[in-house]
Amino acid sequence: MLNSIWPIFIILSIAYGIVSGNLEQLNNSFFDGAQDAVTITTTLLGSLCLWSGLMSIAEETSFVKLISKAIKPLIKILFPELKNNNKITQQISMNMIANILGLGNAATPLGLKAISSMQKENKNKEELSDSMIMLIVLNTASLQLIPTTVIAIRSSLGSTNPTSIIFPVWVATIIAAIVGTISAKILIKITKKKER
Amino acid sequence: MQFIKFLSNIAMPLIIFLILAHGIVERKRIFDIFLEGASEGIKITLKIFPTLVGLFVAISLLRGSGLIDFIVNIISPLLKIINFPEEIMPLALLRPISGNASIAIATDIMKNFGVDSPIGLIAATIMGSTETTIYTIAIYTSSIKVKKTRFILIAALLADIAGMAASVVVCRMMSNGFS
């Protein structure tokens, strides 16, 4: 994916920057971008280590089993490939719970742990497996119960009712998640047929 | 409001508390296990870093060169046809690629059009219901060094489009119902 998108983004930007005479800003953008990556990575490093460590503890206790039992039916539908792989199912459960609770800082490390376990079972290491695709789609759908960041912004801007956003966000998130998972399922089926 | 604030503040401490409490009750060597897991976190971060440098430079260029604004200008007449609010367009375009930029734009929209105006509500709903899709895909795929990503981008972007369209429709219905 990035092999084609990445150079196109950059080449078009440079071309447009030259044509529109935005050269100074264009030059700064290179270093700003690289600097942004460092900033994000340092933030990620801490939370990734923290949550990988906490997840390791959780995995060794019955806590994770309790949580994954609760959302097992949903996982069975979305990840039929996994069948009874308990470890991966538990990691996905933790990732989904973190997403639902709005713990973005925890959800990403937990999701990355789940996908690295999936990679160990993956037959073709060069290609995303069906369950990996489902995991990523779920994580791009932003399944959170309370959109805390937006509520905070709204309240800082003096909204009369900052939390009135919750209901529309639920509707939109659920629609996005349904469209995402269904189109992933359909695309999985189509590509499978082609291979045969 | 107060209760929701409390709920979102208690979520993380409570989970950590429960994990550690289970570990103690079940007599695990908690800190040793923690260290093992945490060092795995370093490996994952190092794997992701080069991807992030590449991606963020590209995104920064898209914005710095003014190309994003140019695209917005081209697309907006099209959007008028499907009745998608033009004011939201920069947000809709940037949302999948940059988290920080989209927060900045959404805040700006809410400020300019009013937090509780229909446009302000739509911007907030889009922020709450979608993710930084390309960034998410990039870190997940680069952490396991996968080359073929199949159709993941299509599925994820379809979800984003559906979420944005739903945001517009629901917010319009809400504002109409209130006034």
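As a basis for the values below, the full set of heavy atoms in this structure was taken, side chains included, without hydrogen atoms, waters or symmetry mates. Note that the structure is predicted; figures quoted are calculated from it, not measured. Here is the naming used below: chain letters follow the sequence lines, and residue numbers restart at 1 for every chain.
Of the atoms belonging to A/Leu135, it is side-chain heavy atoms, and not backbone ones, that fall under 4.5 Å from chain B. Looking at A/Ile178, neither its backbone nor its side chain comes within 4.5 Å of chain B, counting heavy atoms on both sides. Using a 4.5 Å cut-off between heavy atoms, B/Leu157 makes no contact with chain A at all. With a threshold of 4.5 angstrom between heavy atoms, A/Ala107 approaches chain B through N, CA, C or O but not through any side-chain atom. Both the backbone and the side chain of A/Val169 come within less than 4.5 Å of a heavy atom in chain B. Contact annotation for A/Trp170: neither backbone nor side-chain heavy atoms come within less than 4.5 Å of a heavy atom of chain B. Heavy atoms closer than 4.5 Å to chain B are found in both the backbone and the side chain of A/Pro168. For chain B, the nearby parts of A/Ile115 are the backbone and the side chain; heavy atoms of each come within less than 4.5 Å. Contacts of A/Ser20 with chain B are made by side-chain atoms alone, with heavy-atom separations under 4.5 Å and no backbone atom involved. Heavy atoms of A/Gln119 lying under 4.5 Å from chain B belong exclusively to its side chain. Interface residue A/Gln144: only side-chain heavy atoms are found under 4.5 Å from chain B. For A/Ser129, the part sitting under 4.5 Å from any heavy atom of chain B is the backbone (N, CA, C, O) and nothing else.
Counted by atom type alone, B/Thr133 and B/Asp160 present one or more donor-acceptor pairs between their side chains at under 3.5 Å.
For A/Asp130 and A/Lys189, the salt-bridge test fails: no basic side-chain N is under 4.0 Å from an acidic carboxylate O.
In terms of heavy-atom pairs under 4.5 Å with chain A, the best-connected choice from B/Gly23, B/Gly54, B/Ser167 is B/Gly54. The most heavy-atom pairs under 4.5 Å with chain B, out of A/Thr173, A/Leu12, A/Thr181, A/Thr61, come from A/Thr61. Heavy-atom pairs under 4.5 Å with chain A peak, among B/Cys171, B/Gly66, B/Ser143, B/Ala106, at B/Gly66.
Summarising the local packing, CG of B/Asn100 is surrounded by 12 or fewer heavy atoms from other residues, nucleotides or ligands at distances under 6.0 Å.
The main-chain N or O of B/Ala104 is never found under 3.5 Å from a side-chain atom of B/Asp108 such that the two would form a donor-acceptor pair. With hydrogens and angles ignored, the 3.5 Å screen pairs a side-chain donor or acceptor of A/Asn122 with a backbone N or O of A/Glu127.
Taking hydrophobic clusters as Ile, Leu, Val, Met, Phe, Trp and Tyr residues chained together by side-chain heavy-atom distances below 4.5 Å, A/Leu23 does not share a cluster with A/Val19. Both B/Leu14 and A/Met94 are assigned to one and the same hydrophobic cluster, defined by single-linkage of ILVMFWY side chains at heavy-atom distances under 4.5 Å. In terms of hydrophobic clustering, with Ile, Leu, Val, Met, Phe, Trp and Tyr side chains grouped at heavy-atom distances under 4.5 Å, A/Ile136 and A/Ile77 are assigned to different clusters.
For the pairing with B/Ser142, the side-chain contact (heavy atoms from CB on, under 4.5 Å) check across B/Thr51, B/Ile44, B/Ile137 returns one residue only, B/Thr51.
The two residues A/Ala176 and B/Gly163 have their closest heavy-atom pair at CB-CA, 3.8 Å. Between A/Cys49 and B/Ile42, the shortest heavy-atom distance links the atoms SG-CG1, 3.5 Å.
Near-neighbour residues of residues 68-93 of chain B relative to chain A, defined by a heavy atom under 4.5 Å from a heavy atom of that chain, comprise B/Phe70.
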